Amino acid sequence: MAKPRLWITRKLSDNTEARARRDYDVILNPDDTLSTADDIVRMSAEVDAILPCHSEHFNASVVERLDARLKIVANHSVGVDHCDLDALKAKNICVTNTPDVLSDATAEIAMLLLLGAARRAVEGDTMVRQGEWDTWSPSFMVGSQVSGKRLGIVGMGRVGQVMAKRARGFDMEVHYYNRTRLSPANEQGAVYHDDLPSLLAQSDMLSLHCPATEQTKGLMDRAAFAQLPKGAILVNTARGALIDESALLEAIESGHLAAAGLDCFVTEPGGNPAFAKHSNIMMLPHIGSATFDTRDAMGFRALDNLDAYFANREPKDKLV
Ligand code: DGY
C-alpha cells in the first residue's frame, strides 16, 4: 500500500525526520523556510497530511481554500490558537496537538523567568558583561526571594501542575485559578480560587499557563494588573495574546509590577521593542519547549497521532 504523503512544514529534530521518512512519503523543509498562506493552500492539494508548527496559520480564510485531499493537521505544538478548529472541523479535517510532552521543559523556562525576574538576572548579567560592575554593598542588587511567597497560577492544566510542583520545591505557597477545580490528589495543597480577581489579589508572583482563546485573550489588562499586589512579578510562558502589552508596560513603568519574565509576545518573532529598555523585564524568544528531549517527544507525539489516523484508529490527541 502506498505510504500517505506528508508535508512537514518546518525543520524538526533529526530523530523525528528519520521516523517520518521511514513511515511516510514525506516532504521536508531542510532550509526551514517560512510558508505563506498560499503555500499552505497549494500544498494541501499535494498531501494527505500536514505536520505544522504554531508558525503556520490555519485561519478561516486559509481553511476555506484547503483542498479536499488534506485529511489531517497533526500539530507539533500543544497550543492550537494558530488553527481555526471550527473551520477545520467543518471541512472534516482532523486536528491533533502534542500535550504532556512539553510540560517539564515549559515549566523549567517559567521557573527560570520567575527566578531571573525576581533576582534581577538581566540587570546583573548586563552589568558584569559590560564591565560596569565596580561596587558591592549589602544594598547592592537586592531582589525578591521566591521562597515563602504566594505563586498564583492561571490555568492548572499539565504545564500549570508541573509549575506548581517546581514552585513547591522552592517552598512557595501555590494558589490557582482554573475553569474547574482539580481533585485533592492533583491539587497537592494548592489553594483554589474560583475567579481571577480573587487569585490576582493573593499572588505575589503570577504565572500564566492557560491557552489563548477568545475568552482568555487580553486576560491581563489594566484592571487585572491593578488587582495584583504592588510589587508583584508576572511570568508568561503560554501565549502573548493573554497580555495587553500596553497595560504591562504601564504597570512596569509605574512600579506597580516589580518585574516580568516573558517567553511569549503578541508579535512573534520579534517581541515588543518597548520592553527592551526595562532591565526588570527578562525576555526569551518563545523557547519554552526548546530542549533536545522535548523536540523529539513532540515530533514523535505528532507522528503517533498521524500513525493512528492512517491506521483508522482515533488519534490520542484528536481535538476535532
Ligand atoms: C506549543 O507547543 O504550543 C509551544 O508554544 C511551541 O509551539
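Atoms within each ligand, like the ligands themselves, are counted from 1 in listed order. Bear in mind the structure is a predicted one, so any value in this text is a computation, not a measurement.
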- For the side chain to side chain contact (heavy atoms under 4.5 Å, CB included) test, which of D244, L242, V154, L206 pairs with M220? L206
- Tell me the residues surrounding ligand 1, counting only those with a heavy atom closer than 4.0 angstrom, sorted by chain and number. H54, S77, V78, G79, L102, R239, H286, S289, M298
- Query: Is it the case that R10 and S55 place a side-chain donor and acceptor less than 3.5 Å from each other?
  - Reply: yes
- Message: Consider side chain to side chain contact (heavy atoms under 4.5 Å, CB included). Of M163, E173, H175, Q202, which one does L151 pass it with?
- Response: M163
- Message: Checking H278 against E253: is there a side-chain donor and acceptor pair closer than 3.5 Å?
- Response: yes
- Query: Does a salt bridge link K149 with D171, judged by any charged N lying under 4.0 Å from a carboxylate O?
  - Reply: no
- Task: Taking side-chain contact (heavy atoms from CB on, under 4.5 Å) as the test, write out the residues that go with A105, two or more places apart.
- Result: T291, T294
